[in-house]
Novice: 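Before I ask anything, here is the structure I am working with.
Basis for what follows: all heavy atoms, side chains included, without hydrogens, waters or symmetry-related copies. Numbered from 1 within each chain, the chains take letters A, B, ... in sequence-line order.
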Amino acid sequence: MSDELNPPQQAAVRHVQGPLLVLAGAGSGKTRVITEKIVHLVERAGVAARNIYAVTFTNKAAREMNTRIAARLPAERRRGLNVSTFHTLGLNFIRQEFAALGLRPGFTVMDADDSFSLIKNLLHQSDHKDVIEPKALQWQISLWKNELLAPDSFLTHADEDIRAQAQLYAQYQQQLAACNALDFDDLIGRPVALLRQDDAVRERWQARVRYLLVDEYQDTNTTQYEFVRLLVGKLGAFTAVGDDHQSIYAWRGARPENLHRLAEDFPSLSHIKLEQNYRSVNSVLDAANHLIAKDTTTHAKRLWSAIGAGEAHRVIVCAHAEEEAERIATEILQQHFRQQTDYRQFAVLFRGNHQARLIEQALRKLNIPYTLTGGQSFFDRAEIKDAMAYLKLLVNPHDDAAFLRVINTPRREIGTATLEKLGQHAQEWRSSLFAAATSIGIASRLDARAHERLHRFTDWLHGIRSNPGEALATLRRLFADIDYAGYLRTQEASTKAADRRWQHIEEWLDWLEKISREHEDGTMNLPALAQRMTLLGILDQQTREQDSNAVALLTLHAAKGLEFNHVYLAGMEEDTLPHRDCQDEERLAEERRLCFVGITRARLSLTFTLCKRRRRYGEWREITPSRFLDDIPESLLAWQGVGIAQPKAASEAQARDHLAGIMAMLKK
DNA sequence: ACGCCGCGTATTTTT
DNA sequence: TACGCGGCGT
């Protein structure tokens, strides 16, 4: 990338008077524009860093932006700068306004798992457990929250099913309140509600947010849009950066039309388009341009680059999925050795995670290192979940999810019968389980032994909580107290396995210490640490993967924002991409954009693969190539593979050469 | 408390 | 086909 900003980039950076929408094509340097603009605001426009807010969707993006700014601004000039995810901004807001929201200090942020177990319990106690799927209910509640809809608007709905779901939604909110807890969606929804109703709070925040920058604007949902609108007020000192061509999250509530809704809400809105691409050769961009031209729901943009022409993209047709996987693996191996290409420069992209399995196998067979997103993470380990639950419970004993997780870990001989009664009591009194366990009334519902055990636990928790100290030291003391290491030894057949799991706890403690140190004011207190931990959960998994020199296996969704020299787009088939469950135009258009995102990840080369036949749910099915391939001009594609343009004998000879080449490479 | 069997289902996922 | 979950049986 050149050092100089191009004219539209410069215009975007310098435009500080009034609202601005930057339509930034794939690879057009949007992160650079945002970071340069922050530098510009501080150094030229005289805005104090603490009054500048930049919002992203992922922790990774926020971190990347912080790193880039750190390289451009000295520490004292960027002190107080707010670069964070939407959710972290919401959390910080709530940490300052929690009393007005009816929360007590030390409130819990429940992650998706916690909220799921809460919903399951609620559903279990209701009489809808046979008709409503907990997963579906969680999904519906989240969609409603993303649309800023409260349960009461559905309690009188014509559809009985929806009424029932709304009822459970209301109960879920009550339960969260009883637990002094919020879920992820609340982190944005609750601030929005407060900003709407409380003039003083709104004015305070609007005075604070002197300039707001929002990344990936096409991914905002209704609630996030509203958050932005309320924070910037009438003045509208903000820059929104987005690309409607990369809108691939409508299925989970994103409203890409928010991009264009801005013009209605802010009549003085200026537009700037970034169309020069700094990533890809032109053959890649041509394919992308042709494909996206057929998306009538988005606005025209034409990518171009000064990087060179590039070559036609191969379309490899395989007999079946196993062959497709092997083909991709051997191609990568060949290129790795012949052209001295690092493995990290390759990516294999696909629509669904299940497609990864065969590709993984094929890569493993050839000893090619790879990373896979969406697998089991560090945080899915039982011991880590236990540890996190203990931390959360320490901070907020009313956190039911945490309470249930650790009440009997290690064994305290508190069984399901006791918990059932406790749950009933909590339900009746609209209280948390902890409150129920310590209430006077509970004694009559439980037999003396159970009551005694329960009390031993709550007393113990009280004891630890009332003996404050440094955060990490308190945690270590807690684990020693319950002899968690000993418990692990009872759980594992070998001491070695138990030690490894204890090792994970140590790693987790180190990680917490790191988070704590990264905090601006030195060390964090326990509540802040617990809350931050929940929001960061996934981060380290991602950063770990990036460090290794390995082929990246990614879903198309996970690939957004990344780039690779060589991209393989697997499963270019009808019913896969586009996915079979999208009849309507909206859905189909989103699949097209998904394909667009995949294509525009490639810097130098792009290879499409597909199968003629595929086994689906046990049955062999004939496959039609993806309609998206029809939308790319023939001149940009080079078809090869089974029955395509190559006589059988020739392809067999080629296959032999291929294999011989591979064997030779493997030997050296 | 644990394990097994049978049934139903089967994108994409961040915070 | 495969996997995960719920229910039931030991």
Novice: Is A:K392 salt-bridged to A:D114, going by a charged N under 4.0 Å from an acidic O?
Specialist: yes
Novice: How long is the straight-line distance from CG of A:L101 back to CG of A:L182, given to the nearest 0.5 Å?
Specialist: 7.5 Å
Novice: Figure out the NE2/P separation between A:H557 and B:dT13, and round it to whole Å.
Specialist: 7 Å
Novice: Please report, rounded to the nearest Å, how far the P atom of B:dT12 is from the CZ atom of A:R580.
Specialist: 11 Å
Novice: For nucleotides 1-10 of chain C, give me every protein contact, N/O to N/O, under 3.5 Å, one pair per line with atom names.
Specialist:
unit_1 : atom_1 : unit_2 : atom_2 : d
C:dT1  : O4'    : A:G618 : N      : 3.4

Novice: Where the side chain of A:R411 is concerned, which of B:dT13, B:dA1, B:dT11 is the nearest nucleotide?
Specialist: B:dA1
Novice: What is the distance, to the nearest angstrom, from the CD atom on A:E216 to the P atom on B:dT14?
Specialist: 13 Å
Novice: Would you mind reading off the distance between A:R621 atom CZ and B:dA10 atom P, rounded to a whole angstrom?
Specialist: 15 Å
Novice: A:H87 stacking on B:dT15: centroids under 5.5 Å, ring planes under 30°?
Specialist: no
Novice: Tell me whether the OP1 or OP2 atom of B:dA10 has a side-chain N or O from A:N353 closer than 4.0 Å.
Specialist: no
Novice: Is any NZ, NE, NH1 or NH2 atom of the basic residue among A:R190 and A:E97 found under 4.0 Å from an Asp or Glu carboxylate oxygen of the other?
Specialist: no
Novice: Rounded to the nearest Å, what distance is computed from the CG atom of residue A:D575 to the C1' atom of nucleotide B:dA10?
Specialist: 13 Å
Novice: Is any NZ, NE, NH1 or NH2 atom of the basic residue among A:R449 and A:E413 found under 4.0 Å from an Asp or Glu carboxylate oxygen of the other?
Specialist: no
Novice: Take A:T85 and A:R351, find for each the nucleotide of DNA chain B with the closest heavy atom, and name the residue whose nucleotide sits nearer the 5' end.
Specialist: A:R351
Novice: Could you check how far CG of A:L556 sits from C1' of B:dT14, rounded to whole Å?
Specialist: 17 Å
Novice: Could you tell me whether the phosphate oxygens of B:dT15, OP1 or OP2, come under 4.0 Å of any side-chain nitrogen or oxygen in A:N59?
Specialist: yes
Novice: Hey, is A:E619 close enough to A:R615 for a salt bridge, meaning N to O under 4.0 Å?
Specialist: no
Novice: Examine the base of B:dT12 for any acceptor or donor lying under 3.5 Å from a partner atom in the side chain of A:R587, and report the outcome as yes or no.
Specialist: no
Novice: Within the distance-only criterion (no hydrogens, no angle test), does the side chain of A:Q138 pair as donor or acceptor with the backbone N or O of A:A112 below 3.5 angstrom?
Specialist: yes
Novice: Closer than 3.5 angstrom, by distance alone: can the side chain of A:R601 be matched with the main-chain N or O of A:E563 as a donor-acceptor pair?
Specialist: no
Novice: Which comes earlier along DNA chain B counting from the 5' end, the contact point of A:T555 or that of A:N408, where each point is its nearest nucleotide?
Specialist: A:N408
Novice: Would A:R255 and A:Y225 count as a cation-pi pair here, with the cationic atom under 6.0 angstrom from the ring centre and within 45° of the axis?
Specialist: no
Novice: With the threshold set at 4.0 Å, does a side-chain nitrogen-carboxylate oxygen contact exist between A:K30 and A:D243?
Specialist: no
Novice: Rounded to the nearest angstrom, tell me the gap between atom CE in A:M110 and atom C1' in B:dT14.
Specialist: 19 Å
Novice: Between A:K135 and A:E133 (salt bridge meaning N to carboxylate O under 4.0 Å), is one present in this structure?
Specialist: no
Novice: Heavy-atom contacts under 4.0 Å between residues 248-256 of chain A and DNA chain B, which residues?
Specialist: A:W251, A:R252
Novice: Taking the P atom of each, how far is C:dC3 from B:dT12, in whole Å?
Specialist: 15 Å
Novice: Separation of A:L588 atom CG from B:dT12 atom P, in whole Å?
Specialist: 18 Å
